[in-house]
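In what follows, a structure is listed as structure tokens, so that the remarks can point back to it.
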Amino acid sequence: MAVGIEILLVSPLAVAARLFALLREADFWSTVLFSMLRIAAGFFLGLAAGLLLAVAAGRFGAVETLLWPFVVTIKSVPVASFIIISLIWLSNSQLAVFISFLMVFPVIYSNVLQGIKSTDPQLLEMAALYRVKWRRKLFYIYLPGIRSYLISACSVALGMSWKAGIAAEVIGVVRGSIGEKLYEAKIYFMTSDLFAWTVVIVLLSVLFEKAVLFAVRGIFGRLARR
Amino acid sequence: MKNLVMERISKRYGEKQVLQELSLTLRPGSVTSVMGPSGCGKTTLLNIVAGLVKPDSGRVLGRPGRVGFVFQEDRLCMDFSAAANIRLVTGKTGKDPMMYGIFSALGLQDSIMMPVREMSGGMKRRVAIARALCYQPELLLLDEAFKGLDAQIRQQTMDCVLKWRGDCTVLCVTHERAEADYLGGALLQLGRTADREEGEQGSRFPFPSGITREA
């Protein structure tokens, strides 16, 4: 009988105690690293693909037309469906990478493309008159224009990549991941573990977001000082 | 270089006919100022000459490959330095003696690396002019390029344009007769009963001191 065990809710003290206990466990850091690396890989792949394809779509209308059905599909299909399909197609360890990528790509692509389309037409007219090469136009005119779009897209996509990545690990019961720990906490009614791991996920997500946004802002700052 | 010929140019925006059967020939290396009341088609004329706007009828012949344009708006990349804005159109990297010469002539030699966003309105105007000159155009179009500059800076800027334009053809829209006279060359008056009054030769005389800018 589970008498005296906090199941529905646990006190903050119990969560803190469990969190400190987790920090001392041998597999804590390897579990954190396992999930973080895969979710980060998915995020950066989604960021790179979203950026490159948005730039291509901004330059060639045909690319936007070709990508449109894929982007709409990714946006509207429930993430759980993708996770289950991916479980059939991919190995467990790749699951979080792929799901994180799928969450990040459409957000980055749509926002950056919107930023490119919102570029000041007067600057573009000036660049056309002065016969500015496309690479220079991209660097001096488009990149500053997409800055705010990219930062807000990253901010949204970072949170989504963690949420979807961990959800994929829970559904796929990926061995050695944070998702597996959450799954075990659910199975064995270890609510304090569930809350402690949730705190870990929130902290990792916030730290990852701060680091990525700091780097993105730094890159744009360096570009402007050239 | 060939003559730049505008043949029977007409342009209408909705109900308003802004240019009608305008014909004009600019000799290579000439300076021509265009004056006229607001809305008479001065900027439209420059846009048609630059190829940015298509005329309803008529044509432009002999448009050179390199056209420099100082627009009414500065159209600068605000996040970058003045030097970077020049690099955008010239593609030159490293120290460009011509750029430094033009910036010195404009009194901006200490502001080359300053972000454009931090510059005053007058400085931005001069950077836009420097950009057009550094491009080494064969045709330089100036649309109220000296507007917003105080008398002394304006004279300095016009001197710079005259010095660094080389042998390019200049077509300058202005509201100030004194500016047209200072630049010299022909004066085209738009918006009169006749479509143009060409060939009135402006003489070069010192810029009158204390001249005030039109509102």
Side-chain angles (χ1 to χ4, degrees), chain A residues 47 50-52 54-55 58-59 61 108 111-155 212-226, chain B residues 43 46-54 63-94 112-119 124 127-143 145 171:
Chain A
L47 176 66
L51 263 174
L52 289 174
V55 168
R59 186 163 191 204
I108 301 288
N111 276 270
V112 172
L113 184 58
Q114 187 58 42
I116 289 172
K117 285 180 175 175
S118 310
T119 306
D120 184 353
Q122 289 193 333
L123 277 182
L124 293 176
E125 191 179 61
M126 177 277 294
L129 185 87
Y130 283 105
R131 297 177 171 184
V132 176
K133 289 200 171 71
W134 207 83
R135 270 181 61 189
R136 258 185 279 146
K137 209 156 64 174
L138 176 70
F139 180 80
Y140 287 101
I141 297 175
Y142 284 115
L143 275 183
I146 64 168
R147 182 181 182 272
S148 55
Y149 288 89
L150 182 64
I151 288 173
S152 71
C154 279
S155 182
V212 170
L213 293 183
F214 179 77
V216 171
R217 288 197 180 98
I219 289 167
F220 277 104
R222 278 181 69 115
L223 289 179
R225 283 193 294 276
R226 277 166 62 109
Chain B
T43 298
L46 290 197
N47 284 331
I48 288 172
V49 171
L52 299 176
V53 169
K54 280 193 172 177
R63 182 188 292 125
R66 294 177 73 83
V67 179
F69 201 147
V70 180
F71 300 90
Q72 276 188 25
E73 320 81 25
D74 301 314
R75 301 197 188 186
L76 296 166
C77 300
M78 294 294 168
D79 292 319
F80 292 92
S81 66
N85 272 274
I86 306 299
R87 271 204 302 275
L88 172 69
V89 300
T90 63
K92 290 179 186 169
T93 52
I112 290 177
M113 296 312 293
M114 184 191 271
V116 171
R117 191 178 294 285
E118 293 170 17
M119 290 183 167
K124 287 176 190 161
V127 172
I129 292 168
R131 178 178 62 191
L133 291 171
C134 289
Y135 185 60
Q136 295 179 275
E138 296 162 85
L139 170 64
L140 177 60
L141 304 171
L142 305 169
D143 193 357
L171 187 58

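Within the 4.5 angstrom heavy-atom criterion, atoms from both the backbone and the side chain of B/Ala132 approach chain A.
Checked options A/Asp120, A/Leu143, A/Ile141; the residue passing with B/Cys77 is A/Ile141 (criterion: side chain to side chain contact (heavy atoms under 4.5 Å, CB included)).
Ring pair B/Tyr135/A/Tyr130 is perpendicular by interplanar angle, where above 60° counts as perpendicular and below 30° as parallel.
Residues A/Tyr140 and B/Phe80 come closest through the heavy atom pair O-CE1, 3.3 Å.
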Quiz item: Checking side-chain contact (heavy atoms from CB on, under 4.5 Å) for the pair B/Arg75/A/Leu129: CA distance, chi angles, key distance, verdict?
Solution: CA-CA 12 Å; B/Arg75 301 197 188 186; A/Leu129 185 87; over 6 Å; no
Self-check item: Stepwise side-chain contact (heavy atoms from CB on, under 4.5 Å) test for B/Phe71 and A/Gln122
Solution: CA-CA 10 Å; B/Phe71 300 90; A/Gln122 289 193 333; over 6 Å; no
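Under a 3.5 Å cut-off, the side chain of B/Arg87 and the backbone N or O of A/Arg136 do not form any donor-acceptor pair.
Counting non-hydrogen atoms of neighbouring residues, nucleotides and ligands closer than 6.0 angstrom, the CZ atom of B/Arg66 exceeds 12 such neighbours.
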